[in-house]
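Written below as structure tokens is the structure these notes are about.
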Amino acid sequence: MAERPVIARVRPDSRVPQLDREFDYRVPPGMTVLPGQRVRIPMGRGSRVQTGFVTEIVSSSEFGGTLLDVEDVVSDVQVLTPELLSLATEVASRHAGGVSDVLRLAIPPRGVRVEKAWQQNPHSGGDLPSPPQPSSAFDPDGLAQMLQPGARTWWQLPYGVNSKHPTSHYEIVSVASTVLAQGRSVVISVPDWRDVAFLHELLQEAVGEEFVSRFDADQTPGERYSHYLRGLEADPVIVIGARHAIYAPVSNLGLVLVLHDADDLHREPLAPYPHTRDVALIRAEQSGAALVLASFVPSLAALRLIEMGFVNSLHPRNDERPRVVPTSLTGAESISPQQARLPSIAFRAVAQALQEGPVLIQVFRSGFAPGLACSQCRERARCRECQGPLRAHRKGDRERCAWCSTPADRWSCGLCGSTTWVPIGQAIGRTANELGKAFPGVSVIQADGEHRKLRVPSKPALVIATRGAEPVAEGGYQAALLLDGESMLQRQSLSALTETLDGWEHALSLLSHGAQAFLTDVEGPIANAMAASSVEGLLRRELGERQHVRLPPSVRLATIEGPTAQVSTLADSLAISFPTLEAIGPVAVKSGAHRYVFKIPYSEAPQLARELRAAVVHSAVTRGRGSVRLRVSFDGASALDELASSSQ
DNA sequence: AGCACGCCGACT
DNA sequence: GTCGGCGTGCTC
């Protein structure tokens with residue numbers, strides 16, 4: 001009499017597209033296998049042993065052949081929760097990618113020591129902390145509505161600094177503790193280590209260490225795994241972390257919050273390139289939790305959702321946005337040109353603010369390749385051979401074209417004929433040097449990727465920070481100078497405007513009450529909107545234009561890249577089955593490969609993603625003689641920029 | 001990806 | 001006769 005078979009459905013942990021599905025294995029007698037566990041299984045011709053995740057235990061298999069046995073259970077911890085599996089499945093299908101690729105982003109590698117310690121000493125459920133004092137910055141009904149299950153909200157954060165922390169962080173912590181006090185978990189995903197550090201500090205104060213779980217890039221794999229395991233416990237928890245925190249397992253999810261979703265750091269650089277915002281939308285929908293996109297100005301994607309009526313907005317009761325003074329260079333008297341190029345109004349204002357306390361100088365990201373502009377009309381200097389941007393190279397080397405490396409000899413401006421240029425987007429070290437000379441005797445503090453700084457004291461200093469690396473000044477800065485705006489806006493990127501605005505608003509949020517910001521080299525509608533606090537109008541107009549010319553976020557973008565013949569055949573067949581598809585290409589990329597970028601309406605995108613995924617699997621299984629294989633990405637990190645550069 | 005199977009050319 | 005080239009196909 002045969003016993004009822006026990007069959008484990010297993011997803012191999014493999015990057016190979018054709019293996020990104022479930023395989024059935026027999027569970028041998030005497031072995032216990034549970035869903036979510038990592039197991040070792042024989043795979044392929046030589047029955048090589050591979051690891052995989054058990055997705056299900058069943059009693060019969062559709063498979064015609066004889067089943068192989070599960071070799072071993074790696075650990076009895078059920079690391080892959082059903083919620084995570086369905087999230088990963090949806091994220092993968094939305095991006096025409098593999099589920100295993102998403103799981104690799106979501107589940108940290110196992111640490112044996114950490115796991116043993118956790119199993120011996122599981123977190124014992126303490127009493128939940130009591131709810132925080134209600135916030136006075138928002139209408140209580142609005143806040144309550146925002147936290148309703150299934151609610152989706154763009155949450156406009158308040159500006160300002162409250163002693164040691166940005167006011168916005170207190171509000172976030174207050175909202176998160178409110179949800180926790182109801183016995184539900186919160187997942188917060190932020191762009192930057194700085195936000196992780198601040199919020200973690202505040203959250204620990206608010207709800208205690210045992211209810212906070214932190215994920216960030218600086219952690220060792222062991223630490224990451226240990227925080228991951230904390231989420232698997234039955235007690236609710238507040239998870240705070242960068243991109244990958246959005247996947248953290250928690251019990252009874254009540255709120256998914258994404259901070260500054262316009263920030264580029266929310267775009268995952270690994271396949272299948274999911275954006276935190278998209279993952280958050282899917283997770284909130286699947287779990288029924290509330291979704292909050294929190295920022296000072298909405299991202300274009302958030303704005304689109306607001307205009308569709310899919311997302312509500314919640315604004316602070318009082319608008320405390322600091323005043324912005326545009327002080328264009330043109331016609332303004334600047335101090336010694338060898339030193340800082342500063343309009344005199346800004347110079348005087350900074351000098352005065354320095355009597356009171358620190359002044360923030362926000363500069364272009366250091367390390368960004370600086371460009372050249374005409375010294376007369378400020379038109380961007382372009383190569384006379386290929387129209388590529390001219391770049392200033394390292395000391396001693398000549399200026400060259402960034403695309404074709406042609407030296408920029410005998411250059412003249414295509415617009416006004418001038419033959420002299422000036423650098424734009426200069427590096428931070430140089431700015432620091434110049435400003436130090438312009439304000440002798442004032443201490444200069446640098447903050448950028450290399451010089452990490454969370455806070456500066458409230459005494460007079462010039463704090464020169466790259467965008468995104470601004471330290472918090474206790475009590476806020478007395479003034480801010482927003483430099484290099486023009487070169488930020490001139491970048492060859494479709495996200496130039498939104499990222500620039502976001503960076504500026506962030507600087508504004510760090511000002512002390514009543515302090516002003518000076519916008520030095522930007523003119524026209526953007527400067528006017530900044531001064532008039534009507535940035536949202538600017539973004540609405542931008543979104544309208546994107547709709548008109550069919551650019552994200554009003555359409556989705558898919559990219560295919562591979563051998564010319566294969567890619568063209570695929571593009572042709574897609575053009576027939578998708579009448580709404582707009583194909584841009586083929587564009588030659590490295591070593592014989594070609595690329596197409598497709599624009600597709602949201603409604604058609606899921607089907608296109610399915611077909612592209614099928615094409616990838618097919619291409620991987622029938623390997624042609626070329627070593628170049630078909631690659632596909634959906635809304636990938638670089639698709640926008642590829643489109644921008646190919647359409648110029 | 002790996003790995004085995006398979007069906008053609010020059011070797012002790 | 002057979003050793004081994006890599007093109008082809010599969011993985012519960």
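Chain letters run A, B, ... following the sequence lines, proteins first, then strands; residues in each count from 1. In this text the structure is predicted, and so the values were computed from the model without any measurement.
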Hey, does A:Glu22 reach any base, or is it just sugar-phosphate, or nothing, if we go heavy atoms under 4.0 Å? nothing

Calculate the interatomic distance between A:Arg629 atom CZ and B:dG2 atom C1'; express it in whole Å. 12 Å

Rounded to whole Å, the CZ-C1' distance (A:Arg48 to C:dT11) equals 12 Å

Side chain of A:Asp24 only, please: which of B:dA1, C:dC12, B:dC3 is the nearest? C:dC12

Just the rounded figure in Å: distance from C1' of B:dG2 to CD1 of A:Ile41. 14 Å

Could you report the tightest heavy-atom contact between A:Pro249 and A:Arg283, atom names first, then the distance? CA-NH2, 4.1 Å

Under a 4.5 Å cut-off applied to non-hydrogen side-chain atoms, are A:Met308 and A:Tyr602 in contact? no

Using the side-chain heavy atoms of A:Leu68, tell me which of these nucleotides is nearest: C:dC10, C:dC12, B:dG2. C:dC12

So what does A:Leu19 hit on the nucleic acid, given a heavy-atom distance under 4.0 Å: a base, only sugar-phosphate, or nothing? base

Do NZ/NE/NH1/NH2 and the carboxylate oxygens of A:Arg277 and A:Asp635 come within less than 4.0 Å? no

Looking at A:Arg104, I'd like to know if its CZ atom is crowded, meaning that more than 12 non-hydrogen atoms belonging to other residues, nucleotides or ligands lie closer than 6.0 Å. yes

A:Ile57 CD1 to C:dC12 P, straight-line distance once rounded to whole Å: 17 Å

Between A:Glu71 and A:Ile41, is any pair of side-chain heavy atoms under 4.5 Å apart? no

Check every strand shown and say whether A:Arg21 touches a base, only sugar-phosphate, or nothing at a heavy-atom separation below 4.0 Å. base

For a quick check of understanding: with a heavy-atom distance under 4.0 Å over all strands, which category does A:Pro12 fall into, base, sugar-phosphate or nothing? nothing

Quick one: which of B:dA4, C:dC12, B:dA1 gets closest to the side chain of A:Arg45? B:dA4

Rounding to a whole Å, what distance do you find between A:Asp13:CG and C:dC12:P? 16 Å

Protein-nucleotide distance (A:His618, atom NE2; C:dG9, atom P), rounded to Å: 10 Å

Is the ring of A:Phe63 stacked on the base of C:dC12, with centres less than 5.5 Å apart and planes under 30° off? yes

Given atom CD of A:Gln18 and atom P of B:dC3, what is their separation to the nearest angstrom? 15 Å

Using whole Å, report how far CZ of A:Phe23 lies from P of C:dC10. 12 Å

